[in-house]
Amino acid sequence: MYLAVFFFLAVTVTSFVVSLGASAVVRGRNDAFARRAARVSRVAGWVTSLACLAYLTLWWRNANAGFGWSAPVWTAFALLVAVAISLLLGHAQRITTLAVLASAAGPAASLPPVGARSWRVVLGGGALAFAGAAALLLVTAPRALADDKPALTVVSTGKRVRVIAIDGYDMSSSPEASAGLAALNRGRHVALTANDLSDPARAWTTIATGQPPDIHGVHEIETRRVAGLTGILSPRGGQVGRAVQAATDAVRLTRPSIASREERRVKTIWEVASDAGLRTAAVNWWATWPAPPDSGIVITDRAAVRLEQGGSLDAEIAPASLYPELKRLWPGIREKAHEAAARQFSQLADPQVAQILVRSAELDGSLIGLFLALPGPARDLDLIYLPGLDIAQHALLSTAGGPAPTPSVVAARLAALRSYYTFLDQALVPLVPPNEPSLMVMRILAPGRVNGPAEGNVALTNAAEASDMVERAEPVDLAPTIALALGLPLSSELPGKPRTVLFTSEFVERYPGRYVPTYGRPFTRPAREGKPLDQEMIDRLRSLGYIK
């Protein structure tokens with residue numbers, strides 16, 4: 001209904017502009033006035049008809065999910081309706097233009113009669129319009145709903161790569177590492193340049209794709225979807241914008257949603273690696289739902305909610321064949337993570353602080369358990385994102401506009417937060433197997449949702465010896481660095497460069513960067529069957545402090 005209202009308003013504005021332009025073109029009351037008025041009114045009618053036909057044809061292309069002439073009966077019917085509407089509106093525009101010209105010329109003007117068209121002329125014009133609309137639909141149809149996979153040649157480096165991303169990590173606050181973190185801190189480091197990390201969906205999608213937000217398309221965790229339209233609306237706009245969103249939500253024109261893969265316009269590094277024939281797995285990365293069925297193993301950011309809720313899979317896990325086994329293992333994974341978290345923080349005096357840390361540690365422990373439960377064989381590229389530290393830090397230290405806590409409370413919370421690093425130190429041990437030189441482990445530490453830009457840190461083990469050199473990297477440099485480690489060619493579209501300082505000079509000489517024009521676009525439409533967990537995901541992120 002609201003699309004019909006918008007169409008009515010657009011036609012009204014178009015008619016006004018066309019009629020106003022016609023009255024400006026046709027002036028005077030001489031003998032040539034009638035001839036010019038007839039010509040201009042016909043042009044006005046055809047302009048309106050063609051504009052309406054183009055709009056309705058393109059609207060049908062978008063509204064039917066792109067099936068076009070694969071459903072010829074429905075498409076032909078829709079185009080016939082579009083042709084009829086366009087011809088009627090064009091005829092109405094012709095009469096309206098003549099009326100405007102008559103009003104402008106005065107009662108003494110001689111206007112041409114509106115001649116009737118024979119049914120042969122009407123049918124001929126309709127057939128021509130139908131053919132034009134069909135051609136427009138063919139020309140503008142999506143070139144391929146199938147994958148866009150350019151040929152990518154891998155020059156094997158003999159290395160596998162495991163990326164461990166820890167959000168909310170403060171290098172200056174962490175205690176001395178002894179196990180998992182110590183293993184991750186070996187190798188050469190680079191500082192991750194200070195960037196705005198206030199929205200993790202935006203920041204971590206930049207790291208995964210090697211492209212800035214304006215290119216990859218993911219800007220915020222919370223979005224709005226408009227009923228009947230593809231795409232999202234950003235929740236920006238201050239108090240007025242939020243009031244408009246609340247009103248449109250109330251009348252069901254929009255609904256809250258969470259950043260997803262459908263907004264992402266470029267491939268992630270694991271999708272590129274999978275396209276090149278490498279075995280990959282990505283666990284809990286932002287904006288990964290819905291997972292495509294052919295980009296390796298993907299445990300999306302909605303997978304934990306699906307495993308808790310049960311029911312039919314709706315692209316939360318790919319391939320779908322993993323779901324039954326992970327669902328069977330999930331209660332044990334959660335119970336083991338809960339016991340480890342409760343044991344770590346059982347001595348804290350403040351029960352509220354203990355509850356926050358246990359909840360966050362249980363989440364990280366469950367994600368690590370899911371990762372360890374993935375079937376073999378060993379994969380060429382693994383990625384896992386751990387948000388627990390950021391969630392705990394935000395819950396304990398954020399004031400949310402309220403009164404500031406006392407210094408003693410802040411000191412106690414900081415001490416409790418440091419104990420989380422001890423938990424991580426032990427939890428990460430299974431992810432860093434010793435005596436496995438073929439495995440490069442890249443650990444990415446980001447400061448989380450803090451006020452203002454802040455630096456992170458990146459290290460790569462089993463690549464080069466530690467160095468005192470202070471090197472820096474941009475977030476867009478990490479995807480090319482992973483590609484270089486795997487022997488993948490680099491896309492010329494990537495703005496970042498691989499940080500070769502993380503590798504030995506022998507490695508860089510042996511495996512110099514190779515380039516391809518593009519990695520292609522992620523056009524795959526995942527197979528979806530079950531009920532989407534939209535509201536459940538919103539409730540979960542709200543409880544974790546990501547959205548209000």
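Count residues from 1 along the sequence.
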Any W289 side-chain heavy atom under 4.5 Å of D314 side chain
yes
Strictly distance-based, threshold 3.5 Å: is any side-chain N or O of T461 a donor or acceptor partner for the main-chain N or O of V441?
yes
So how far is it from S491 OG to Q211 CD, rounded to the nearest 0.5 Å?
7.0 Å
Interatomic distance, CZ@R379 vs OG@S274, rounded to 0.5 Å, equals 12.5 Å
For H338 and R359, does a side-chain donor sit closer than 3.5 Å to a side-chain acceptor?
no
Any side-chain heavy-atom pair of I297 and T280 under 4.5 Å
no
Shortest non-hydrogen contact from A427 toward I368:
O-CD1, 3.6 Å
Would you call E362-R334 a salt bridge at under 4.0 Å N-O?
yes
Taking all non-hydrogen atoms of both residues into account, name the closest pair between V218 and A259 and its distance.
CG1-CB, 4.0 Å
Residue pair D167 / W204, side-chain donor-acceptor N/O under 3.5 Å
yes
Distance only, no hydrogens: is a donor on one side chain within 3.5 Å (strictly under) of an acceptor on the other, for N457 and Y169?
no
Kindly write out the residues that satisfy side chain to side chain contact (heavy atoms under 4.5 Å, CB included) with Q309, not counting sequence neighbours, or none if the list is empty.
V305, L533, E536
Taking all atoms of both residues into account, what is the closest heavy-atom pair of L326 and A373, and its distance?
CD2-CB, 4.1 Å
Please determine whether a side-chain nitrogen of the Lys or Arg among R449 and D390 lies less than 4.0 Å from a carboxylate oxygen of the Asp or Glu.
yes
If you define the side chain from C-beta out and look only at heavy atoms, does anything of L460 sit under 4.5 Å from F503?
yes
Can you see which heavy atom on L431 is nearest to which on I164, and at what distance?
CB-CD1, 3.8 Å
Is there a side-chain contact between F371 and P430 in this structure, where contact means two heavy atoms from C-beta onward sitting under 4.5 Å apart?
no
Quick one: closest heavy-atom pair of P522 and R264, and the distance?
CG-O, 4.0 Å
Any ion pair linking R521 and E271 (charged N to carboxylate O, less than 4.0 Å)?
no
Does the side chain of Q393 come within less than 4.5 Å of V450's, by heavy atoms?
yes
With a 4.0 Å cut-off on N to O distance, would you call D301 and R261 a salt bridge?
no
Between the CD1 atom in I221 and the OG atom in S260, the distance rounded to the nearest 0.5 Å is 13.0 Å
Between the main-chain N or O of R499 and the side-chain N or O of D477, is there a donor-acceptor pair closer than 3.5 Å?
no
Could you check whether any side-chain heavy atom of P489 comes within less than 4.5 Å of a side-chain heavy atom of Y515, counting everything from C-beta outward?
no
Parallel, tilted or perpendicular, as decided by the 30° and 60° cut-offs, for the rings of H219 and H216
tilted
Nearest 0.5 Å, please: how far is CG in N462 from CZ in R162?
11.5 Å
Give the minimum heavy-atom separation between P498 and L484, together with the two atoms involved.
CB-CD2, 3.8 Å
Answer yes or no: is there a side-chain heavy-atom contact under 4.5 Å between L389 and L417?
yes
Measure the shortest side-chain to side-chain distance between R202 and W286 over non-hydrogen atoms and say whether it is less than 4.5 angstrom.
no
Between Y546 and D199, does a side chain to side chain donor-acceptor pair (under 3.5 Å) hold up when you go through it step by step?
CA-CA 9 Å; Y546 283 109; D199 191 282; over 6 Å; no
Quick check: are there more than 12 heavy atoms from other residues, nucleotides or ligands sitting under 6.0 Å from CZ of R265?
yes
Would you check if there is a donor-acceptor pair between the side chains of D275 and Y519 at a distance under 3.5 Å?
no
